[in-house]
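Residue indices begin at 1 and follow the sequence shown. In each ligand, atom 1 is the first atom listed, and ligand 1 is the first ligand listed.
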Amino acid sequence: MAFIVAIDGPAGTGKSTITKLISEKLNLLNINTGIIYRCITLECLNKNVTVNELEKIDDILKNIKIEIRHIGKQDQIFLNNENVTSRIRFKDVDSNVAKYAALKIVRDKATPITRKMAENNDVILEGRDIGTVVFPNADVKIFLDCSEAERANRRYKQNIENGINNLTYEEVLENIKQRNKLETEREIAPLVKAEDAIYIDTTNLKIEEVVNKIVNIIKEKRSY
Ligand code: DC
């Protein structure tokens with residue numbers, strides 16, 4: 001039986017960095033499920049299909065091919081055979097993805113894609129609904145959290161490091177609050193801690209401290 005670790009939580013908790021480090025330490029396949037929603041959003045934007053055009057979205061979903069190629073240090077994301085690893089991080093995708101991710105037809109497609117990607121592997125998956133919807137029987141479930149102020153602070157610093165200087169701290173904080181509202185209040189698969197998930201507040205913790213905590217939890221559960 002494959003071993004499954006589910007890491008859920010809002011953006012800005014260090015989820016991606018933490019998941020990647022744990023996957024390397026414990027030799028688990030790393031699946032960042034946000035990329036599936038980002039690819040679907042990009043394809044809709046490319047085809048000028050809005051969130052209200054459900055039939056057109058359905059057509060797009062019927063033919064879409066999303067792949068994570070685990071090449072070298074950084075996973076490469078392919079949408080219909082095109083490398084979109086950087087493109088899915090652009091602002092247009094960023095500001096629209098939460099709307100597409102709230103649609104039932106989109107989630108009904110993304111969930112089986114995720115399960116397929118994980119099939120027959122020992123995996124660590126990060127997202128919003130892994131422990132609640134995608135793998136409710138995961139061996140380890142972690143819910144990462146962090147104060148909104150600290151999440152904004154981290155995102156603001158990250159933006160500056162990446163040469164993005166057009167947003168003030170207050171704007172970044174406002175974006176985070178809005179996104180959180182959309183994700184936690186959506187009807188389908190809202191961002192919520194699974195009852196049996198272990199809650200970790202990362203506000204005052206260093207990345208390594210969180211990684212070590214989770215690695216120890218996994219090692220206790222995984223007997224091989
Ligand atoms: O983790 P991220 O920021 O790359 O996620 C992109 C979007 O997809 C974000 O709006 C949350 C959504 N998402 C989701 O609804 N369910 C998941 N399992 C993963 C991401």
Side-chain angles (χ1 to χ4, degrees), residues 4-23 29-45 51 57 61 64 66 68 74-79 84-118 123-136 138 141-146 148 151-152 154-156 158-159 162 164 167 172 174-194 197 202:
I4 299 175
V5 181
I7 311 276
D8 289 303
T13 49
K15 211 162 20 108
S16 298
T17 312
I18 290 163
T19 303
K20 186 163 191 284
L21 288 169
I22 298 170
S23 77
L29 180 69
N30 177 14
I31 303 177
N32 171 338
T33 61
I35 64 103
I36 300 172
Y37 295 94
R38 288 175 180 273
C39 282
I40 293 172
T41 302
L42 176 59
E43 189 65 3
C44 289
L45 294 177
V51 278
I57 296 178
L61 294 174
I64 203 161
I66 299 166
I68 304 177
Q74 209 206 327
D75 290 343
Q76 300 294 311
I77 315 304
F78 284 79
L79 167 61
V84 293
T85 313
S86 309
R87 180 66 186 88
I88 55 169
R89 305 276 158 203
F90 284 14
K91 210 174 165 187
D92 55 348
V93 175
D94 222 46
S95 54
N96 284 292
V97 63
K99 285 185 281 175
Y100 289 91
L103 297 176
K104 181 171 182 334
I105 51 168
V106 168
R107 306 206 70 86
D108 284 350
K109 179 79 182 184
T111 298
I113 292 179
T114 309
R115 291 187 183 135
K116 185 92 192 138
M117 284 175 171
V123 282
I124 182 164
L125 304 106
E126 57 138 319
R128 307 294 191 283
D129 63 341
I130 307 303
T132 49
V133 175
V134 185
F135 286 112
K141 293 186 192 180
I142 307 287
F143 190 89
L144 291 181
D145 208 354
C146 180
E148 282 181 337
R151 282 159 59 198
R154 291 177 189 172
R155 180 53 53 93
Y156 180 67
Q158 200 179 40
N159 281 352
N162 293 334
I164 304 166
L167 290 177
V172 174
E174 194 46 41
N175 284 348
I176 283 185
K177 285 186 174 167
Q178 275 177 16
R179 224 223 255 196
N180 216 32
K181 197 168 150 56
L182 269 174
E183 290 180 2
T184 52
E185 291 180 4
R186 74 180 172 216
E187 254 174 62
I188 308 151
L191 171 64
V192 61
K193 178 188 157 312
T202 71

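For the atom pair T33 OG1 and I113 CD1, the distance stands at 11.0 Å (nearest 0.5 Å).
Between A11 and R179, the shortest heavy-atom contact is CB-NH1, 3.9 Å.
Of the options I35, L79, V93, a side chain to side chain contact (heavy atoms under 4.5 Å, CB included) to V84 is made by L79 and by none of the others.
When the side-chain hydrogen bond (donor to acceptor under 3.5 Å, both in side chains) test is applied to N32, the partners found at least two apart in sequence or on another chain are E126.
The contact shell of ligand 1, taken as protein residues with any non-hydrogen atom closer than 4.0 angstrom, comprises T33, G34, Y37, R38, R89, V97, A98, A101, R107, G127, R128, D129, R179, E183, R186.
Using a cutoff of 4.0 Å between basic side-chain nitrogens and carboxylate oxygens, D94 and R38 are scored as salt-bridged.
In this structure, the side chain of D75 does not engage the main chain of I68 through any donor-acceptor pair within 3.5 Å.
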